[in-house]
*Asks:* 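Here it is: the structure, laid out below.
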Amino acid sequence: MNIAFIIILVLGFFILLSSFFTVRQQTSVIIERFGKFHSVRQSGLHLKIPLIDRVAGRVNLKIQQLDVIIETKTKDNVFVKLKVSVQFMVVKDTVYDAFYKLEYAHDQITSYVFDVVRAEVPKLKLDDVFERKDDIAIAVKSELNEAMTTYGYTIINTLVTDIDPDIQVKNAMNRINAADREKTVAEFEAEASRIRIVAKAKAEAESKRLQGQGIADQRREIARGLVESVDVLNRVGINSQEASALIVVTQHYDTLQAIGADTNSNLILLPNSPQAGSEMLNNMVASFSASNQVGEMMKKTSRKQAKKEAKEIEPANEEDSEEEI
């Protein structure tokens, strides 16, 4: 008798203990009575009727994340893999719908993500997929929110976290980018080369201008010196022709002396006889005289031609006047 009592007492104790249960924070518990929904219990210590009520299930109220990898084709026929991260949670007031209306939430969300992504990405080219990934994420979130709200779920956010084209496409894109960079480098190098060439040409032009100016000044001073030398020689009784001959001979021998002073010179001055200066002077005087004669003849010819044309014009004017009368 005592043994039976003890057994009943122990069984009663365990039954009493099974009447109490706890619910963790951010969790809801579904209680069923005889297989029918009875209540939803939130976090804390709770009591249920033993053998009548039972814990049908626990619903997580925390924000959850589901990563979905989709392979699809873009508008320019490039296959690409997208990784879409969906952050969702069960609304506290709709735990009943989340537990009884939808059994496999992850599968349902995955199906909707596949449907939206494969509808949006084929409208875009590969470059646009990278640029408009936020638009894809917004479209997925909008579609999921509309569908999952019925089942007690809310979509917190959707993110396109990875876009992975085929390896050959990535290599081609890298080559295109490298070629574009090389083109830019070539353009900058060409521009730099053009600037250097223009600057060098300007420097050379300025150098030649200054050099020409220096030569002109030098020749001007030489001419002024020759004039002064001729004036000095004229004062001592040497006429202009003799003075010019003397100056030419002096310059001739100065040139020979300058050539002889340079041991590495390969220059040969012809003629280099003592009469060379006099011959050069005579040739210069003869050429000046010939050029003056030619100039006078051309002037006379032009004057005769002008008179002839004037005589031809006068009779024509007289005929025109008679016709007018």
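Below, each value reflects all heavy atoms present in this structure, side chains not excepted, and no hydrogens, waters or symmetry copies. Everything quoted here is computed from the prediction, not taken from an experiment.
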*Asks:* Give the cluster check for Ile49 versus Leu47: same hydrophobic cluster or not, with ILVMFWY residues linked at side-chain heavy-atom distances below 4.5 Å.
*Replies:*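 Hydrophobic grouping puts Ile49 apart from Leu47.
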*Asks:* Determine yes or no for a side-chain-to-main-chain donor-acceptor pair under 3.5 angstrom, with Thr158 supplying the side chain and Ala137 the backbone.
*Replies:* yes
*Asks:* Output yes when a side-chain donor or acceptor of Thr94 lies under 3.5 Å from a complementary backbone atom of Val91, and no otherwise.
*Replies:* yes
*Asks:* Test: side-chain hydrogen bond (donor to acceptor under 3.5 Å, both in side chains). Region: residues 102-119. Which pairs qualify, not counting sequence neighbours?
*Replies:* none
*Asks:* Taking Asp128 for its side chain and Leu124 for its backbone only, find out whether a donor-acceptor pair lies under 3.5 Å.
*Replies:* no
*Asks:* Hey, is CD on Glu204 packed in by over 12 heavy atoms from elsewhere, all under 6.0 Å?
*Replies:* yes
*Asks:* After noting the C-alpha distance and the side-chain angles of Met148 and Leu102, does the key distance pass the side chain to side chain contact (heavy atoms under 4.5 Å, CB included) rule?
*Replies:* CA-CA 9 Å; Met148 299 303 293; Leu102 191 61; 3.5 Å; yes
*Asks:* Got a sec, which pairs hit salt bridge (Lys or Arg N to Asp or Glu O under 4.0 Å) with one end in residues 69-97, sequence neighbours left out?
*Replies:*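 Sorted result for residues 69-97: Asp97-Lys101.
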*Asks:* For a side chain to side chain contact (heavy atoms under 4.5 Å, CB included) check, start with the C-alpha distance between Val68 and Leu66, then their side-chain angles and the critical distance, and finish with the verdict.
*Replies:* CA-CA 6 Å; Val68 183; Leu66 175 64; 4.0 Å; yes
*Asks:* Atom OG in Ser39, atom NE2 in His46: separation rounded to 0.5 Å?
*Replies:* 9.0 Å
*Asks:* Which heavy-atom pair separates Phe99 from Ala56 by the least distance, and what is that distance?
*Replies:*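 Nearest heavy atoms, Phe99 then Ala56: CZ-O, 3.7 Å.
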*Asks:* Do Val84 and Ile70 touch side chain to side chain, with heavy atoms closer than 4.5 Å?
*Replies:*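 In short, these two side chains touch, coming nearer than 4.5 Å.
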*Asks:* Under 3.5 Å, side chain of Arg54 to main-chain N/O of Phe34, donor-acceptor pair present?
*Replies:* no
*Asks:* Give me the atom names and distance for the closest heavy-atom approach of Val80 to Thr74.
*Replies:*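 That would be CG1-CG2, 3.8 Å.
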*Asks:* Would Ile155 and Val86 count as a side chain to side chain contact (heavy atoms under 4.5 Å, CB included) if you check the C-alpha gap in whole Å, the side-chain angles of each, and the deciding distance to 0.1 Å?
*Replies:* CA-CA 7 Å; Ile155 305 301; Val86 181; 4.2 Å; yes
*Asks:* Please say whether more than 12 non-hydrogen atoms of neighbouring residues, nucleotides or ligands are located less than 6.0 Å from CZ in Arg58.
*Replies:* yes
*Asks:* Just do the side chain to side chain contact (heavy atoms under 4.5 Å, CB included) check on Gln65 and Gln87 with the steps written out, would you?
*Replies:* CA-CA 4 Å; Gln65 178 168 307; Gln87 298 172 351; 3.3 Å; yes
*Asks:* If hydrophobic clusters are built from ILVMFWY residues whose side chains come within less than 4.5 Å, do Ile30 and Phe21 share one?
*Replies:* no
*Asks:* Tyr100 and Leu61: same hydrophobic cluster, using ILVMFWY side-chain contacts below 4.5 Å?
*Replies:*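 Yes; Leu61 is reachable from Tyr100 via cluster members.
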*Asks:* Is there a chain of hydrophobic side chains (I, L, V, M, F, W, Y, each step under 4.5 Å between heavy atoms) that links Ile31 to Val59?
*Replies:*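 No, because Ile31 and Val59 fall into different hydrophobic clusters, even though each may have its own neighbours under 4.5 Å.
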*Asks:* Do you see a donor-acceptor pair shorter than 3.5 Å between the side chains of Arg209 and Ser207?
*Replies:*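 Absent: no donor and acceptor within the cut-off.
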*Asks:* When you group the ILVMFWY residues by side-chain heavy-atom contacts below 4.5 Å and let the links chain together, are Leu159 and Tyr153 in the same group?
*Replies:* no
